[in-house]
**Q** 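Quick one: the structure is below, questions incoming.
In what follows, chains are A, B, ... by sequence order, proteins preceding strands, each numbered from 1.
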Amino acid sequence: MTFRAIPAAFALLATTAPVWAEDLITRNRVGPADAPNALTFRLTAFDLYSADPATAAHFGDLFTDFILAHPGWRIDTQLQTGAIAQEQARIIEQTRAGRGPDCAMIDSSQLATFKEAGLLAPMTPFFTQEQIDDLFPFVREGVTDANGDIAALWWFTDLRVLYRDVTLVPEPPQTWADLQQAAEVVAAQGLEGILFNAGRDEASAFDWLAHFWAQGGELVDDTGRPVFFEGENREKFLSAVAFFADLVESGAAPRRVTALSSYDDLLASAVAGSTGMFIGGNWMYNQIQITMPPEQAANWAVSELPGPTPEQRATGTGGWTIAALTDDPAKTEICAGIAQLYAGPGNAFQGLLPTSVSLFEEFETFAGPEFDVFVSALQNGRARPSVPIYPEISNQIQILLGNVLSGSMTAEAALDEAAAEVMAAYERL
Amino acid sequence: MADVHLEHIDKSFGPAQVLTDISLDIADQEFVVLVGPSGCGKSTLLRLVAGLDSVSSGDIRFGATSVKDLSPGERNVAMVFQNYALYPHLTVAANIGFGLRRMRMTRQQKRAAVLDVARLLEIEELLSRRPAALSGGQRQRVAMGRAIIREPAVFLFDEPLSNLDARLRMQMRSEIRALHRKRPTTTLYVTHDQTEAMTMGDRVVVLNKGRIEQIGTPSEIYNQPRSCFVAGFIGMPPMNMIPIRRSEDALWIGAYRLPLSDAQQRALAGYSNRDLILGLRPEHLRLRPTSGGVPAVVDHIEPTGSETLVYVHHDAQRLCLRAAPDVAPQPGAQVHLDFTLERAVIFDPETELALPQAAAHAA
Amino acid sequence: MRPPPKSWPPTKGSEPLPNAPRIAPPVSAARPAGKLRGARALSGPLPWLLPALIMLGLFYLYPIAEALRLAFTDARLFDQATEPSLDSIRRVSQSAALPVILQNTLVYTVASVLGQLGLGMAIAILVVRAERARLRGTMALRTLVLAAWVIPAIANGVIWQLLFSEAPFGAINSALRMVGFAPVAWLSDPSNAMLSAVIATIWQGTAYSMILLYAALKSIDPALNEAAAIDNATGFERFWFITLPHLRAALLVNAILILIMTLNMFDTILSLTGGGPGRATEVLSLFAYNTVFQSFELGRGAVLSILLLIISLTLTAAMVVFLPRERK
């Protein structure tokens with residue numbers, strides 16, 4: 001064990017280079033070990049403990065400043081793995097058993113479950129009304145609980161956009177028909193026209209939902225009851241499915257989309273130059289700049305997802321929140337402080353999209369032309385409904401997409417089956 | 001039915017040379033025993049004849065046909081293994097009949113053949129049992145039954161009796177011989193047990209370190225060992241090997257003179273004034289009732305009932321002799337020895353080979 | 001040791017055996033007898049089995065009992081306080097997905113188990129033969145096959161996902177194209193996806209069955225094969241009459257273990273296809289996993305787990321019947 005610990009220790013020293021910081025940031029702690037007050041914080045491995053030394057160092061500095069400004073406190077850090085659904089379920093289980101963290105990063109799509117379970121401590125006192133009003137509408141709605149309190153800080157958001165190789169698709173497609181036509185042109189050259197996730201993963205359902213939402217479709221009604229399979233929603237649902245199915249049938253998109261369930265697969269195809277377009281997350285813009293040689297990256301442009309008509313647009317917005325799971329107001333305050341640290345300077349460093357307009361203006365990071373596209377698309381942003389039935393709806397959409405796009409089922413039959421499964425689950429709630 | 005010819009066979013496993021220049025002709029229906037210490041290559045030689053291993057160079061012929069490139073099945077040999085190698089999940093009948101699978105026989109004929117063999121080996125009542133339910137001797141018989149049912153050209157035994165107790169071994173020795181008389185088949189029998197070699201073989205082949213030391217009838221091997229190795233390996237207790245010096249008309253053991261007859265002097269012509277080795281079987285040394293001869297001191301005695309083995313020493317030379325059962329000198333007692341030089345074999349200490357002295361025995 | 005005489009204690013007048021214990025006076029008789037009984041209880045099998053029983057109970061029986069309890073509730077992962085109900089069982093049995101899932105499980109399990117047994121046996125025989133022929137590299141081959149086994153199932157799924165990738169640069173498809181074959185829709189076509197899942201599973205599980213069968217093959221007396229060769233048996237006959245009967249027990253035990261492992265295998269599929277496209281590769285264990293961790297339906301997940309347990313137990317019991325008995 002010792003010989004393994006040594007390189008790890010060196011790596012740690014390297015990431016926490018300033019002499020005084022060595023004691024303040026370790027693998028499981030921020031702040032002096034003997035501080036009288038401790039807060040447990042469960043975070044993902046992308047910032048303070050990032051594999052990228054620069055990111056880790058920057059967040060190290062941010063946390064150091066933070067902990068020096070809060071004498072007497074220590075943050076005990078706990079990492080969560082990339083298995084999001086499981087990790088979030090674990091947090092709920094542990095919190096119920098009294099062993100949960102005081103403060104945790106929660107996926108925005110899981111926030112409803114946490115709110116429903118009544119586990120989140122109100123953070124309202126620690127924000128100004130101005131700050132709250134400044135949040136994007138879908139964000140404010142998402143973090144507000146039944147009592148009208150702010151239950152979490154949605155510290156960054158993301159959205160789905162259309163990426164295209166301008167040498168193959170010079171103009172951004174504005175409608176579904178434009179997109180299919182452009183993709184067919186690319187496909188005729190022996191490349192893949194357009195790629196999107198349609199495998200068994202949340203990303204597939206979420207990316208597709210934008211097309212349902214663009215028509216004004218609703219997954220659930222005001223009471224939280226699933227309605228996507230009824231009335232007008234049914235038509236909208238089927239036409240969004242037909243949009244994807246037509247892309248596959250016409251050869252504009254390859255059949256293999258049903259095996260795609262990771263944005264990394266899409267990026268790989270873009271880097272290989274084998275696809276003309278793909279539907280991806282906004283964060284992939286940065287990945288493209290890093291992964292591709294500059295002259296190739298320059299060919300890739302971003303635009304809002306097309307709709308059935310140029311006016312009907314939507315994009316799914318996600319991101320992460322930080323919430324307090326403690327009864328102790330002092331701890332909640334620290335947690336809110338950490339959240340703000342991530343929401344402002346943290347995002348500015350990582351290039352993640354802030355959740356309020358003022359932050360876009362505050363930091364220079366967000367000056368690039370792509371952010372104009374993102375901010376404008378965010379006006380059409382739709383978050384996943386904050387209802388506990390959503391995971392099951394998503395699950396059924398993933399199955400439906402696979403069944404329809406692989407030709408195993410008609411869209412109608414698949415929708416009926418999905419509706420039956422979702423309603424059976426809903427009855428239990 | 002076949003005569004077997006091994007011609008200049010070499011066999012090596014990687015860098016290890018196991019057999020060197022083995023040539024042997026076996027007559028049809030002859031029973032030949034291969035004997036030697038462990039590691040001498042006798043089992044390897046048997047496996048070469050069986051076709052389980054292939055020769056590195058040389059040829060094996062059954063009759064006029066070279067079989068060196070044939071598979072074991074094509075050679076039409078049968079083999080009895082040291083651990084019998086019975087198929088444990090098959091009955092005795094199925095074990096015996098296994099080799100008939102591909103013969104053009106009706107099921108009835110096959111059953112009759114199995115029964116026939118079982119009768120011959122007196123194991124009829126065991127036919128429906130499985131090998132695990134048999135005693136060692138019974139397994140031995142089944143293994144032989146499996147071999148003889150196919151009426152092979154050559155019968156191969158690989159130390160077949162070494163897993164049996166002494167009594168059963170003695171019984172099986174004679175049964176195998178009896179079987180050979182009833183079903184005469186060319187047989188190659190490997191053993192490390194010199195008693196089996198002496199009692200069973202028409203001829204015995206003594207192997208040492210991958211080479212043939214001597215081929216001969218049991219009596220030739222015993223009485224006229226061709227080398228010090230054979231003299232020491234065959235015979236229980238082994239031949240006494242006594243360093244001597246030859247003068248014109250006598251042999252000298254230290255200061256004691258053993259006079260040579262005229263015939264012996266002629267046979268040893270050309271070896272005057274040389275150091276030689278006198279090989280003498282224990283039965284050819286005698287206790288002398290009166291003084292004279294070569295003096296020796298008794299170390300210990302081994303009465304076996306039918307005879308008494310007396311171990312003595314003369315100076316540093318240890319000797320063994322056979323005496324009548326009622327002779328029982330006390331350890332430490334001074335005795336006097338008579339040498340029956342007519343039966344002695346003289347070896348050259350440099351080559352360790354026997355000197356040509358057939359005449360001496362004729363006497 | 002000599003058995004005690006029939007009339008024990010010895011009759012009056014007869015001399016007691018030198019070492020025989022004297023008959024204790026009646027007053028103190030009770031205590032030694034009690035001690036003796038206690039000692040006998042301690043020396044029985046129970047004290048030796050107790051630690052194992054406690055561990056089994058704690059780590060096996062308790063979870064099973066808990067799953068059984070949950071199966072009779074409609075508990076959700078975040079809402080476990082529920083009344084007893086048959087709701088979960090009703091919903092599982094009425095689910096339109098269940099027949100598809102069970103069919104997938106059947107196809108996947110049968111194909112994977114047969115493949116792992118067959119390939120494991122083939123490699124084991126190859127290694128044993130190569131060792132007998134004193135060929136070089138058998139150690140390397142064994143190690144290589146084992147390497148597949150020590151890879152975590154999730155990673156195995158990821159590796160095969162890369163290999164099966166249908167992107168123009170996908171590994172297997174690129175190779176196929178190079179030798180002039182059309183690329184295959186390994187993962188996006190529903191029936192191919194099942195085949196791919198089976199291949200990935202076989203690739204990983206083969207090592208395990210190879211080790212078991214290798215050990216069994218090594219224990220076969222080589223003289224048996226030689227005896228059969230001398231009895232003019234062909235290679236196939238030797239395999240059929242000698243090797244296979246000897247492997248029967250190993251094959252059955254192997255089959256049972258692989259069957260259970262395969263039935264419970266969901267991580268490889270999870271990372272390979274996630275159960276898709278649609279439900280094309282969703283097997284029972286993955287379905288149970290998804291039900292609990294995607295849909296948070298603890299009660300239904302418990303029902304599915306119990307169903308999996310019943311299937312495993314039934315099949316195992318059926319196969320144990322065929323296990324060769326000890327023969328006298």
**Q** Measure Ala193(C) against the heavy atoms of chain A and call it side chain, backbone, both or neither at under 4.5 Å.
**A**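 Ala193(C) has no heavy atom closer than 4.5 Å to chain A.
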**Q** Find out whether Asn290(C) and Arg200(A) are in side-chain contact, i.e. whether some heavy atom of one side chain is under 4.5 Å from a heavy atom of the other.
**A**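 Yes, close enough: below the 4.5 Å cut-off.
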**Q** Quick check on Glu282(C) against chain A: is it the side chain, the backbone, both or neither that has a heavy atom closer than 4.5 Å?
**A**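 Interface part for Glu282(C): side chain.
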**Q** Given heavy-atom pairs under 4.5 angstrom as the criterion, report whether the side chain, backbone, both or neither of Phe169(C) touches chain A.
**A**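 Side chain of Phe169(C) only, per the 4.5 Å heavy-atom cut-off to chain A.
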**Q** Identify which part of Gln110(A) has an atom lying under 4.5 Å from any heavy atom of chain C, answering side chain, backbone, both or neither.
**A**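 Just the side chain, heavy atoms under 4.5 Å.
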**Q** Quick check: do Glu392(A) and Gln294(C) have side-chain heavy atoms less than 4.5 Å from each other?
**A**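 When only atoms from C-beta onward are counted, Gln294(C) and Glu392(A) do not touch, as no gap falls below 4.5 Å.
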**Q** Go through Ser95(C), Pro277(C), Gly274(C) and name the one with the most non-hydrogen pairs under 4.5 angstrom from chain A.
**A**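 Option with the greatest count: Pro277(C).
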**Q** Return the option, out of Ala117(A), Gly402(A), Ala198(A), Gly407(A), with the maximum number of heavy-atom pairs under 4.5 Å with chain C.
**A**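 The option with the most such pairs is Gly402(A).
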**Q** Can you say whether Phe296(C) sits under 4.5 Å from chain A via the side chain, the backbone, both, or neither, judging by heavy atoms?
**A**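 Just the side chain, heavy atoms under 4.5 Å.
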**Q** Is chain C contacted by the side chain of Glu202(A), its backbone, both, or neither, given a heavy-atom distance below 4.5 Å?
**A**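 Neither part; nothing is under 4.5 Å.
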**Q** State, to 0.1 Å, how close Ser274(A) and Pro168(C) come at their nearest heavy-atom pair, and which atoms those are.
**A**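 For Ser274(A) and Pro168(C), the tightest heavy-atom pair comes out as CB-CG, 3.6 Å.
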**Q** To the nearest 0.5 Å, what is the distance between CZ (Phe293(C)) and CD (Gln88(A))?
**A**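 Here the interatomic distance stands at 13.0 Å.
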**Q** How far does CZ of Arg279(C) sit from CD of Gln396(A), to the nearest 0.5 angstrom?
**A**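 Output value for this atom pair is 5.5 Å.
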**Q** Quick check on Ala96(C) against chain A: is it the side chain, the backbone, both or neither that has a heavy atom closer than 4.5 Å?
**A**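 Ala96(C) touches chain A through backbone and side-chain heavy atoms alike.
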**Q** Heavy-atom distances under 4.5 Å only: say whether Thr273(C) touches chain A with side chain, backbone, both or neither.
**A**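 Thr273(C) touches chain A through backbone heavy atoms alone.
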**Q** Please look at Glu166(C) and chain A and tell me whether the side chain, the backbone, both or neither of the residue comes under 4.5 angstrom of a heavy atom of that chain.
**A**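 It is both, since atoms from each part get that close.
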**Q** Would you mind checking which part of Thr113(A) comes under 4.5 Å of any heavy atom in chain C, side chain (CB onward), backbone (N, CA, C, O), both or neither?
**A**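 It is the side chain, since no backbone atom gets that close.
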**Q** Looking at every non-hydrogen atom in both residues, tell me the closest pair between Asn403(A) and Gly278(C) and how far apart they are.
**A**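 The answer is OD1-CA, 3.3 Å.
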**Q** Do you know which of Ser394(A), Gly199(A), Ala268(A), Ser261(A) has the most heavy-atom pairs with chain C at a distance under 4.5 angstrom?
**A**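 If we count pairs closer than 4.5 Å to chain C, Ala268(A) comes out on top.
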**Q** Report yes if the side chains of Pro190(C) and Ser408(A) come closer than 4.5 Å at any heavy-atom pair, otherwise no.
**A**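 The answer is yes; the side chains approach within 4.5 Å.
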**Q** Do Arg91(C) and Glu427(A) meet the salt-bridge criterion of a basic N to acidic O distance under 4.0 Å?
**A**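 Salt bridge between Glu427(A) and Arg91(C), a charged N being under 4.0 Å from a carboxylate O: no.
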**Q** Applying a criterion of heavy atom separation less than 4.5 Å, what residues of residues 409-422 of chain A form contacts with chain C?
**A**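 Near chain C, by residue number: Glu417(A), Glu421(A).
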**Q** For Met139(C), look at atom CE and say whether over 12 heavy atoms of other residues, nucleotides or ligands are found less than 6.0 Å away.
**A**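 Open.
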**Q** Distance from Ser165(C) atom OG to Leu260(A) atom CG, nearest 0.5 Å?
**A**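 Output value for this atom pair is 8.0 Å.
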**Q** Sort Asp201(A) into side chain, backbone, both or neither according to what part of it lies under 4.5 angstrom from a heavy atom of chain C.
**A**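 For Asp201(A), neither part sits under 4.5 Å from chain C.
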